[in-house]
Amino acid sequence: MSNLRFKAIEEASKRKANPVPYFEKKTSDYYGMFVFDRNQMRKYLSKETLRTVLDAIDKGAPLERNIANHVAAGMRMWAMELGATHYTHWFHPLTDGTAEKHDAFIEHNGNGGVIEEFTGKLLAQQEPDASSFPSGGIRNTFEARGYTAWDPSSPAFIVDDTLCIPTIFISYTGEALDYKTPLLKSIQAVDRAAMAVCKYFDRSVKKIVSYLGWEQEYFLVDEALYIARPDLALTDRTLMGHESAKNQQLEDHYFGAIPARVSAFMRELEYECYKLSIPIKTRHNEVAPNQFEFAPIYEEMNLAVDHNLLLMSTMKRVAERHHFRVILHEKPFKGINGSGKHCNWSLGADSGVNLLAPGRTAQENLQFVTFLVNVLMAVYRNNALLKASISTATNAYRLGAAEAPPAIISVFLGSQISMLLDELEKGEGISPIRVTEKTGTRLSLSHIPEILVDNTDRNRTSPFAFTGNRFEFRAVGASANCASAMIALNSAVACQLQQFKTDVDAFIAGGRRKDEAIFAVVRRYITESKPIRFDGNGYSDEWKAEAAQRGLDCETCVPVIYDSYLSEQSVEMFAAAGVLNEKELHARNEVKWDVYTKKVQIEARVLGDLAMNHIIPVSTRYQGLLLDNVYKIKALYDNERAASISAQDFALIEEISEHLNFIKERVDRMIEARKVANRIENEREKALAYCRTVAPFFDEIRYHIDKLELIVDNEMWTLPKYRELLFLR
Ligand code: ADP
Ligand code: MG
């Protein structure tokens with residue numbers, strides 16, 4: 001058969017699971033072997049160098065050039081012993097994923113040969129060919145180039161033969177051209193602001209750490225079938241395809257065993273991750289067929305973000321060895337669940353206390369409630385911005401769909417915490433600390449832990465949920481760099497905590513006792529932030545109406561959602577947090593609009609091409625067969641009999657024609673809309689045009705293609721169907 005679809009099905013059906021690698025050693029024996037961590041530093045650096053580097057990591061102290069030289073020499077020695085021949089600065093440009101440019105360690109030795117060399121200069125700073133990365137116009141030809149600079153707080157690691165050095169990427173004038181720079185600043189902002197508030201409760205606290213534990217959902221599709229679907233290969237999602245008669249209604253995938261081929265992939269992936277110190281803890285099936293999840297033990301945020309990016313690239317690499325392709329798109333298949341990346345976020349003090357976990361004493365619980373309520377306020381005030389931080393062309397297909405968080409940010413607290421806050425709000429004029437410690441009344445901040453133990457209600461429809469000792473930001477998309485959401489969240493919380501400190505200090509200056517001042521402000525915040533609290537069904541239409549009434553942001557058009565980054569409030573907020581300035585915000589929005597446009601543009605082209613050179617020709621050929629049949633019937637039977645025998649042929653012929661006419665007409669109009677949009681110079685206007693005049697054609701065209709898929713002879717159809725792409729065995 002020349003039909004690529006059948007070849008692919010045949011190939012996929014013959015696959016066997018790769019043999020599961022047998023690991024002689026315990027995980028702890030090879031964990032981190034490809035990471036230049038503190039253990040390796042101890043072996044490869046002098047005491048003096050080690051001390052200076054650790055100071056730089058822990059306290060942000062600057063590193064002198066001669067120290068960088070020593071570190072570089074030690075790093076190279078370590079890397080070469082593990083077979084590395086190249087090095088690269090590894091950074092997170094504003095497009096997807098990571099960027100790298102590999103250079104060999106070699107230098108001329110002056111005698112016609114080479115020696116291996118790696119200097120502190122090369123470690124500390126590089127100039128990538130920056131013109132090929134988006135900068136939103138910051139780095140035009142008249143300004144200097146951008147450069148990457150070493151981030152010593154994230155350890156270097158080896159992938160294949162290359163030493164990878166995590167770096168930030170900034171312009172010569174200092175503007176951030178990446179995600180890592182503002183992420184690091186936002187982590188620092190939270191540290192400072194939260195520490196100032198913590199000092200009300202514990203004067204000995206020295207550092208507040210932001211933690212992140214992500215949960216990475218993904219799909220696997222057989223390589224041969226993937227290649228036979230140009231839409232998957234070029235856009236990472238199916239632009240057409242009728243739902244399979246069976247999909248996820250039985251939930252048998254979620255509860256079923258992990259298929260052997262997938263299990264082999266997962267184990268090899270975990271092995272690769274452990275060598276890179278990515279602490280993968282959980283692996284399981286997800287709800288949709290072919291959908292799975294990995295989750296690590298949570299880590300300090302900068303590292304957690306790097307590890308997620310590294311995981312995504314490692315997944316792609318390992319999957320190919322198992323003849324799979326990984327799909328990280330948020331909504332690759334119509335009619336079944338999409339993929340998210342829940343970001344579990346919390347703050348911890350250097351003492352080990354989790355600021356978002358209830359404590360044992362009333363004092364600890366006042367601290368807990370303080371931070372909880374400040375997060376509520378931060379999310380409330382910045383709900384539009386937080387939505388912007390997770391909005392992309394691809395995540396838009398998932399948000400608001402039946403299984404995903406709605407395109408409105410609200411916070412789920414659960415009934416126990418909600419009740420607690422309601423009581424605190426009512427407790428006008430009393431200090432909870434004195435009440436509980438002396439009389440132990442029902443308003444008992446000291447009793448939260450027991451309450452939480454029973455707090456099992458978990459609302460799956462909320463985009464931002466409190467889960468006992470952390471918040472889970474569920475609206476983040478599977479393909480996203482988590483930094484985008486974390487930058488917005490950290491900055492908003494930092495700014496809010498600054499405000500809280502100001503408000504409390506004003507009360508104290510007015511003569512109130514500290515606890516009473518804190519309580520008074522907390523109570524005011526509880527009242528003020530109420531509109532963001534919603535424990536009901538986030539999928540319902542009633543919620544959309546109510547959210548609008550509450551003044552929450554309900555915009556669904558992604559290019560418009562991005563405007564929130566430039567609102568007066570956001571610009572002030574990012575400036576107060578010291579994370580991004582107005583120039584950077586404008587430049588980054590230009591990039592966001594441009595990326596949005598390009599994604600939709602590519603989908604439109606692929607859809608148009610497939611409609612014209614797969615769907616229409618195949619359907620026309622099948623229609624031709626039906627027409628032939630009619631002629632043959634006419635030749636054999638008298639008119640009356642012939643008409644009755646070929647009635648169903650005629651019905652199908654006409655039905656096919658209707659679909660084909662519709663498709664052709666809409667594809668033409670879509671191309672026209674694209675041409676008009678392409679002439680627009682302004683990035684925002686262009687993205688808007690793509691959102692409003694091009695994207696709406698996708699579903700219309702798809703509807704008719706999917707109808708044809710049900711009519712046309714299965715043998716003739718060229719694109720693998722949902723039932724073939726999904727349901728791995
Ligand atoms: P779920 O039931 O939502 O799947 P899991 O127990 O699988 O939750 O945990 C999800 C993620 O939350 C994991 O990555 C875990 O490490 C992380 N996590 C747990 N506690 C915290 C915390 N205090 N701060 C941040 N992340 C956390
Ligand atoms: Mg979860």
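Numbering of ligands and ligand atoms starts at 1, following listing order. Numbering of residues begins at 1 and proceeds along the displayed sequence.
- At under 3.5 Å, not a single nitrogen or oxygen of W345, backbone or side chain, sits near a nitrogen or oxygen of ligand 1.
- Of the listed residues (N344, L356, I297), the one carrying the non-hydrogen atom nearest atom 11 (C) of ligand 1 is N344.
- Closest to atom 8 (O) of ligand 1 by heavy atom, among R470, K281, E472, is R470.
- Annotation: K281, atom NZ; neighbour count of heavy atoms from other residues, nucleotides and ligands within 6.0 Å does not exceed 12.
- Cation-pi contact between R267 and F265: absent, since separation from the ring centre below 6.0 Å together with deviation from the ring axis within 45° is not met.
- Ligand-side atoms of ligand 1 in range of W214: 14 (O), range being under 4.0 angstrom from any heavy atom.
- Checked against a 6.0 Å centroid threshold, the rings of F534 and W543 count as neighbours.
- The shortest heavy-atom distance from N354 to ligand 1 is under 4.0 Å.
- In this structure, F157 has its ring center under 6.0 Å from that of W90.
- Considering backbone and side-chain N/O of Y211, none are found under 3.5 Å from N/O of ligand 1.
- The aromatic ring centroids of Y380 and Y525 lie 6.0 Å or more from each other.
- The option from P296, A304, G348 that lies nearest to atom 15 (C) of ligand 1, judged by heavy atoms, is P296.
- N308 places no side-chain N or O within donor-acceptor distance of the main-chain N or O of A304, the cut-off being under 3.5 Å.
- Of the N or O atoms in S346, one or more lie within a sub-3.5 Å distance of an N or O in ligand 1.
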